[in-house]
Amino acid sequence: MGVSNQWTASNTGTVVKGESENLIIAFDDNRLLSELFGEHDQHLARIEEGLGVHASSRGNKLVITGKPKAREQADRVLRDLYQRLKSGQDVTAGEVDGAIRMSQAPQGEGGGNIVGRQIQTKKRSIGPRSQMQKEYIDALMSHELVFGIGPAGTGKTYLAVAVAVQMLLQKRVDRIILSRPAVEAGEKLGFLPGDLKEKIDPYLRPLYDALYDTLPGEQVVKEIESGVIEVAPLAFMRGRTLANSYVILDEAQNTTPVQMKMFLTRLGENSRMAITGDPSQVDLPLGAKSGLVDALDVLSGVPDVATVRFTDADVVRHPLVTKVVKAYNARDRGLLDPR
């Protein structure tokens, strides 16, 4: 066995280059290792499976065996996760999976850099779990109008809400406005029990969920009651000019072209808009054109409009969700028997 590469996992850790079979990592804080490795070394197992390496711990050292490129990727994953722990943040299975995805992105595109791309909210620090999520966060922070397009589970709405919350906390905007078209997915609103709010709230629940994951519950309630945060159906946006606000339209594939134009023209001074949706999941009446598809076509060459397109490779929910999305996409492309 050749001479091993070795670096010390500290704030100024270094890596000794080489082509040996092993990479030896020495950690300077043993107290963090149980969290880094995971319960019953589950995090290490995810890294081994995801990158095709073998990891074994020896005291405060971790020996990584595998091909040079895989060792380098494992090095980037462990370094990022360790620094995340040192900065007081948690490491979950989701963060491990995200670090693995980021390590596989080309270095020139920011691969492996997850610690420095955090969205700060009151409840947690949120970072990208894929290269496309990093590009999306960058776009949300730098553009006034952003389209996030792609399948469920890619973080389109969640990250938009998180960025909006961060900007509200930083006083860069005065309000957050979250909206969805109230389009029935197999049910008619008029036949559902309750008043208008009770009929509409189920359609807005994913937006509430994202808020409660980024802000304390009592603050969410307080800000909604005061109007600092507004969650409302798309129809309630007509006739308004939304200034000093972060405005998010979710499930935008279920707008009509007229509704989408109405919404886009609500953008006021010092405001930002994020529009999310999945053109493959349209619930409009058969034959009706989606306002999201129409807007993407109309605005394709307009400066200062950012469009980030996610694929099934960017699904960051349970690994089985990724497999489900891929199976449906394959069926839709005629690669599987649809029966």
Side-chain angles (χ1 to χ4, degrees), residues 43 45-52 70 73 76-77 92-106 109-114 117 119 126-140 146-163 180 183 185-186 206-207 209-210 213 248-255 274-284 290-297 300 306-339:
H43 294 169
R46 296 178 92 92
I47 294 171
E48 289 177 319
E49 181 179 0
L51 297 177
Q73 291 170 341
R76 290 159 65 183
V77 169
T92 66
E95 268 75 44
V96 175
D97 291 341
I100 292 171
R101 289 191 191 92
M102 295 296 286
S103 76
Q104 295 168 326
E109 298 179 9
N113 183 10
I114 60 172
R117 298 281 183 176
I119 304 168
I126 300 163
R129 294 184 178 179
S130 73
Q131 176 64 22
M132 199 57 64
Q133 281 198 352
K134 183 186 81 67
E135 294 182 16
Y136 186 51
I137 292 172
D138 288 344
L140 291 168
V146 179
F147 287 88
I149 311 302
T154 53
K156 306 182 302 294
T157 304
Y158 183 84
L159 291 175
V161 172
V163 169
R180 266 188 163 197
V183 173
L207 300 174
D209 290 343
D213 203 40
I248 299 172
L249 175 61
D250 190 33
E251 296 291 336
Q253 74 274 5
N254 290 327
T255 63
I275 298 174
T276 67
D278 180 0
S280 71
Q281 297 291 326
V282 177
D283 293 319
L284 294 170
S290 166
L292 176 60
V293 174
D294 185 59
L296 292 171
D297 181 47
S300 62
T307 301
V308 179
R309 297 180 183 273
F310 295 92
T311 68
D312 50 29
D314 300 301
V315 174
V316 295
R317 291 180 181 171
H318 191 285
L320 186 56
V321 175
T322 303
K323 296 176 184 178
V324 169
V325 172
K326 286 182 177 179
Y328 272 94
N329 287 346
R331 193 280 303 274
D332 292 342
R333 292 193 302 266
L335 300 180
L336 293 176
D337 187 335
R339 289 175 295 176

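In what follows, every heavy atom counts, from backbone to side chain, and hydrogens, waters and symmetry copies are set aside.
Across Thr154 and Val315, no two heavy atoms sit closer than the pair CG2-N, 3.8 Å. Smallest separation of non-hydrogen atoms from Pro279 and Val293: CB-CG2, 4.0 Å. The two residues Val146 and Ala139 come nearest to each other via the heavy atoms CG2-O, 3.4 Å. What you find for Ala210 and Tyr158 is that their closest heavy atoms are CB-CD1, 4.2 Å. Contact detail for Lys156 and Tyr136: the closest heavy-atom pair is O-OH, 2.8 Å. Heavy-atom minimum distance, Asp278 versus Pro151: OD2-CA, 3.5 Å.
The pair Asp138-Lys134 meets the salt-bridge criterion, with a side-chain N (NZ, NE, NH1 or NH2) lying under 4.0 Å from an Asp/Glu carboxylate O.
The OG atom of Ser103 lies 4.5 Å from the CD atom of Gln73; values are rounded to the nearest 0.5 Å. Of the inter-residue distances, the one linking Ile119 atom CD1 with Leu140 atom CG reads 7.5 Å to the nearest 0.5 angstrom. Rounding to the nearest 0.5 Å gives a distance of 11.5 Å between OG of Ser130 and CG of Asp97. Distance check, rounded to the nearest 0.5 Å: CD of Gln131 to CE of Met102 gives 5.0 Å.
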Going through the distances and angles, do Ile149 and Leu292 end up as a side-chain contact (heavy atoms from CB on, under 4.5 Å)?
-> CA-CA 9 Å; Ile149 311 302; Leu292 176 60; 3.8 Å; yes
Show your working on side-chain contact (heavy atoms from CB on, under 4.5 Å) between Thr157 and Arg180 and close with a plain yes or no.
-> CA-CA 11 Å; Thr157 304; Arg180 266 188 163 197; 5.9 Å; no
When you look at Met132 and Val308, which way does the side-chain contact (heavy atoms from CB on, under 4.5 Å) test go after all the steps?
-> CA-CA 8 Å; Met132 199 57 64; Val308 179; 3.7 Å; yes
Walk me through it: do Val282 and Asn254 pass the test side-chain contact (heavy atoms from CB on, under 4.5 Å)?
-> CA-CA 6 Å; Val282 177; Asn254 290 327; 4.1 Å; yes
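In the model, Glu251 has a side-chain atom that pairs as donor or acceptor with a side-chain atom of Gln253 under 3.5 Å.
Side-chain atoms of Arg46 and Val77, non-hydrogen and from C-beta on, never get closer than 4.5 Å to each other.
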